[in-house]
Student: 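Before anything else, here's the structure in question.
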Amino acid sequence: MCVTMTRVRLLVFNVALGALDYRVPEGMLVQPGSVVVAPLGPRQILGIAWEPARLEAGEVPEAKLRPIVEVLPVPPLPTALRRLIEWTADYYCAPMSAVARMALASSAALKGGGTVIEYRLTGEEPARLTPQRLAALDALHGEQATIRELAEIAGVSEGVLRGLVSAGALEPVAVDIDRPYPKADPDFAVPELSGDQQLAADTFSNAVRERAFRPFLLDGVTGSGKTECYFEAIAEALRLGRQTLVLLPEIALTQNFLRRFEQRFGVPPLLWHSSVKSTERRRAWRAIVSGEAQVVVGARSALFLPYANLGLIVIDEAHEVSFKQDDGVRYNARDVAVIRARFEQVPVILASATPALESLQLAENGIYERIELPDRFGGASLPDIGIVDLRHEPPERGRWLAPRLLREIEARLERGEQSLLFLNRRGYAPLTLCRSCGHRFACPNCSAWLVEHRFSRRLACHHCGHGVATPDACPECGEKDCLVACGPGVERIAEEVRELLPGARIAQATSDTLNTPERITEFVEAAEQGAIDVIVCTQLVTKGYHFPELTLVGVVDADLGLEGGDLRAGERTYQQIAQVAGRAGRGDKPGHVLIQTRHPEAPVIAALAAGDRDAFYEAETQGRREAGAPPFGRWAAIIVSSEDEAEAREAARAIGGSRPSHPDIAILGPAPAPLSLLRGRYRYRLLINARRSAQLQKVLRQWLDPLQFPRGVRVSIDVDPYSFV
Ligand code: ADP
Ligand code: ZN
């Protein structure tokens, strides 16, 4: 249906303004969802036509409104998406404009089709070769992009590249933004599915055909073929000419997904995340709104794009906490994806080997349909799990790997098999201190220690990015060579393996070492081909990958995640360790997992050792029920911050002082946040625990909206928080 409007309420991208009314000049066609340009003072601004505004008493009459300047040549944002934006803003107490901005993502894409000029090497050698020119020629092999992007790739200035253009070594290519993507073939390489897999795949395909809102929890052990099953649902959407959105928790996982997708469908899917280059984003966005994009895979930010013809949503590794965004709009992409599926009336598949307790509970209540894959594909068995009690089998002094774990790695080396050591901590050591005066290196901007990165010879803050070169002498007492590294990070574990097992080929896999798609691919290929003996890694590569020769997984410190009093610590530890354990024994050789701990009796460790997932979830569910914690009750956090400590404290106190009294709501705090200083801002927190029946958002708004704070104070609301620091 096409609604034409003469008066329109615009959602403008300026939080302070809210909605504004404009007049639609005669002859201009503005529909709900149209993206338009409108005057504001002397400027022109971008806005989205939200609804035909009805004239209410006291409002400016139409004739006095300023007219819309222009409707941009892109399809209007679909109704389902506008409802989603409203829902998200309402649920997470966020400004609508901030949510809507995520749907547009690229202002260049709104200007219509056209060409961009990209550059590529001609193969000609320039007459004059400087070291910079040589470096550029070397780095730009096979690349084609804008000058700015090429400069970034090659690590030289744009001037150097312009010089190469004049010298004839780089040539311009006009690229049509709207050139079509190659079509995926649903029948390119159809796998033969096992009985369970086939059942799951058929259920999904039926749901896609039905085009109804059906949320599925695809609960299958690691290596059971969850990806293969939801690929069949994607195949069905492809056949029907509908779009699929696949959300992955981290950009690092997209590389591997691209490869598997291409093997199955003949061409890669469209990628959407923050590091996709701008011309590609522009092209992808336009293909998404036109409906031409078939399958889009991305991180959180792909969720709000204006898909023209969505037919299916998949959320892989759906339990991952990184679906929760903790800056800007604080939303959970997993939860909003389910809501989007409801507004769009399409099925949504949440795939996981260790579902979030919230998701399991929804399945239990019959809201999600649970589809189980209890066995690994191809008869592979799940790894057996053993415990190394560090109190009884300690590593040597100054070392971190227990003798038994080392012997197991050695045995793998002899047999030509792989081992993986997991420690979720980047760098060499989490704390550095002076042996002479006891000085500890702390971040000046955060209440956190600086982490030593020995490879890059730096001390760095993992919260704000502050870094200094590792000094030779203590800055406090001036003593030389007196710095001591306390505790292990991945670099230190790798060093230990290198020293104790010389000859082992070791790869460190963290976001420090695998920081480009090329490096990730290189690592994955080396690991698959058996060119690596020992992988030492953070959680970056503990999911999604399939290394057939990997038969041993060592968890260096299972207790790490249990410290700190996070309310989901047990669940998160369980998921993380089960996930990394799932890398072992995926080929035909059985896998073995050793977990180093000082608390073998802790329920989560005991459940992992016994392989008793149900018992763990049951105990955890019981605990949550008793505490009124999610999913049985609801939480929200209020975070108050300012660069001025007294100002932050005062504001937090004022919020605490005007707390509402409500029988269904308990309010804790304000108290200094565990991370009481972050990026130079002092922080206070309040935690709200509400019964499910309470109107939490309404209470929050009525409480906070009337309060006024000094300009330097920031107050943010975190609904369903995952972080408590
Ligand atoms: P999950 O996502 O459950 O961990 P995957 O989908 O990654 O499992 O499957 C594990 C491995 O088994 C992958 O290498 C996958 O290609 C393979 N596999 C699973 N099912 C099949 C099948 N039906 N035919 C061929 N290979 C399969
Ligand atoms: Zn810092």
Side-chain angles (χ1 to χ4, degrees), residues 189-202 204 217-235 246 248-249 253 256-257 259-265 314-320 349-355 371-383 427 430-431 440-451 453 458-468 524 527-528 541-550 575 578-588 591 641 643 673 675-683 725:
V190 183
E192 203 165 304
L193 298 181
S194 72
D196 284 342
Q197 291 178 338
Q198 192 65 53
L199 270 175
D202 289 346
F204 298 149
L217 179 63
L218 175 55
D219 181 1
V221 298
T222 51
S224 57
K226 294 186 289 296
T227 314
E228 304 292 341
C229 291
Y230 73 66
F231 272 177
E232 293 317 295
I234 297 179
V246 181
L248 300 179
L253 289 172
N256 190 45
F257 183 89
R259 218 171 43 139
R260 280 190 70 175
F261 188 93
E262 187 165 1
Q263 285 163 2
R264 171 65 182 82
F265 297 108
V314 176
I315 310 162
D316 205 351
E317 312 289 359
H319 61 280
E320 282 291 328
I349 302 170
L350 284 74
S352 175
T354 51
I371 308 271
E372 284 176 275
L373 295 176
D375 304 310
R376 279 191 158 178
F377 175 73
S381 52
L382 283 166
L431 169 66
R440 296 166 169 217
F441 287 80
C443 177
N445 314 318
C446 307
S447 38
W449 306 124
L450 294 180
V451 178
H453 287 251
R458 288 175 75 74
L459 296 170
C461 172
H462 285 184
H463 295 287
C464 71
H466 170 84
V468 292
V524 171
E528 282 175 348
V541 296
T542 57
K543 42 191 168 286
Y545 293 102
H546 183 74
F547 303 138
E549 290 303 316
L550 203 162
Q575 289 164 335
Q579 201 69 241
V580 64
R583 295 317 103 198
R586 293 169 72 100
D588 14 323
S641 72
E643 287 177 14
L675 206 55
S676 59
L677 179 66
L678 177 64
R679 294 188 200 92
R681 301 180 70 86
Y682 294 88
R683 305 167 74 243
V725 293

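In what follows, every heavy atom counts, from backbone to side chain, and hydrogens, waters and symmetry copies are set aside. Each ligand, and each atom within it, is numbered from 1 in the order the structure gives.
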Student: Under 4.0 Å from a heavy atom of R586: which atoms of ligand 1 are those, numbered in the order shown and with their elements?
Tutor: 4 (O), 7 (O), 10 (C)
Student: Polar contacts were defined as any N/O atom of the residue lying under 3.5 Å from an N/O atom of the ligand; does this apply to F377 and ligand 1?
Tutor: no
Student: Just to be sure I read this right, does ligand 1 sit under 4.0 Å from the backbone of L373, its side chain, both, or neither, counting only heavy atoms?
Tutor: neither
Student: Take the angle between the ring planes of Y230 and F257 and call it parallel below 30°, perpendicular above 60°, tilted in between.
Tutor: parallel
Student: Starting from atom 14 (O) of ligand 1, which protein heavy atom do you reach first, and at what distance in Å?
Tutor: H546 CD2, 3.4 Å
Student: Where's the contact between E228 and ligand 1, heavy-atom distance under 4.0 Å: side chain, backbone, both or neither?
Tutor: both
Student: Within the structure provided, determine whether P374 and D196 are in side-chain contact (heavy-atom separation under 4.5 Å).
Tutor: yes
Student: How far is atom 7 (O) of ligand 1 from its nearest protein heavy atom, and which residue and atom is that?
Tutor: R260 NH1, 2.6 Å
Student: Do the rings of Y545 and F547 sit parallel, tilted or perpendicular, given the 30° and 60° boundaries?
Tutor: parallel
Student: When you measure from the heavy atoms of G220 to every atom of ligand 1, does any distance fall below 4.0 Å?
Tutor: no
Student: Considering only the protein, which heavy-atom contact is closest to atom 2 (O) of ligand 1, and what is its distance?
Tutor: T227 OG1, 3.0 Å
Student: Would you compute the distance between atom CZ of R586 and atom CG of L550 and round it to the nearest 0.5 angstrom?
Tutor: 10.0 Å
Student: Do the non-hydrogen side-chain atoms of F204 and E232 ever get within less than 4.5 Å of each other?
Tutor: no
Student: Considering only protein heavy atoms, which is closest to atom 4 (O) of ligand 1, and at what distance to one decimal place?
Tutor: G223 N, 2.8 Å
Student: Is there at least one pair of N or O atoms, one from P191 and one from ligand 1, spaced under 3.5 Å apart?
Tutor: no
Student: What atoms of ligand 1 come closer than 4.0 angstrom to any heavy atom of L193?
Tutor: 23 (N)
Student: Can you pull out the closest protein heavy atom to atom 8 (O) of ligand 1? Residue, atom name and distance to 0.1 Å, please.
Tutor: G225 N, 3.0 Å
Student: For the Zn ion (ligand 2), how many protein N, O or S atoms lie at less than 2.8 Å?
Tutor: 4
Student: Counting C-beta onward and ignoring hydrogens, is there a side-chain heavy-atom pair between R260 and E228 closer than 4.5 Å?
Tutor: yes
Student: Out of all atoms in ligand 1, which are within 4.0 Å of some heavy atom of E192? Include the element for each.
Tutor: 22 (C), 23 (N), 24 (N)
Student: Does the side chain of R376 pick up a donor-acceptor pair with the side chain of T222 at under 3.5 Å?
Tutor: yes
Student: With the side chain counted from C-beta on, respond yes when S641 and R683 share a heavy-atom pair under 4.5 Å apart, and no when they do not.
Tutor: yes
Student: Does T222 reach ligand 1 with a nitrogen or oxygen that is under 3.5 Å from one of the ligand's nitrogen or oxygen atoms?
Tutor: no
Student: Between F261 and I234, is any pair of side-chain heavy atoms under 4.5 Å apart?
Tutor: yes
Student: Can you check whether Q579's main-chain N or O pairs, donor with acceptor, with K543's side chain at less than 3.5 Å?
Tutor: no
Student: P191 versus R264: any side-chain heavy-atom pair under 4.5 Å?
Tutor: yes
Student: State the atoms of ligand 1, each with its element, that fall below the 4.0 Å cut-off from a heavy-atom position in V221.
Tutor: 3 (O)
Student: Does some side-chain heavy atom of H466 sit less than 4.5 Å from a side-chain heavy atom of L450?
Tutor: yes
Student: Just verifying a value: how many Å separate E549 CD and E528 CD, rounded to the nearest 0.5 Å?
Tutor: 11.5 Å
Student: Please compare Q197, Q198, K543 and report which has the shortest non-hydrogen distance to atom 20 (N) of ligand 1.
Tutor: Q197
Student: Give a yes or no on whether the backbone of A318 and the side-chain of S352 come within a donor-acceptor separation of less than 3.5 Å.
Tutor: no
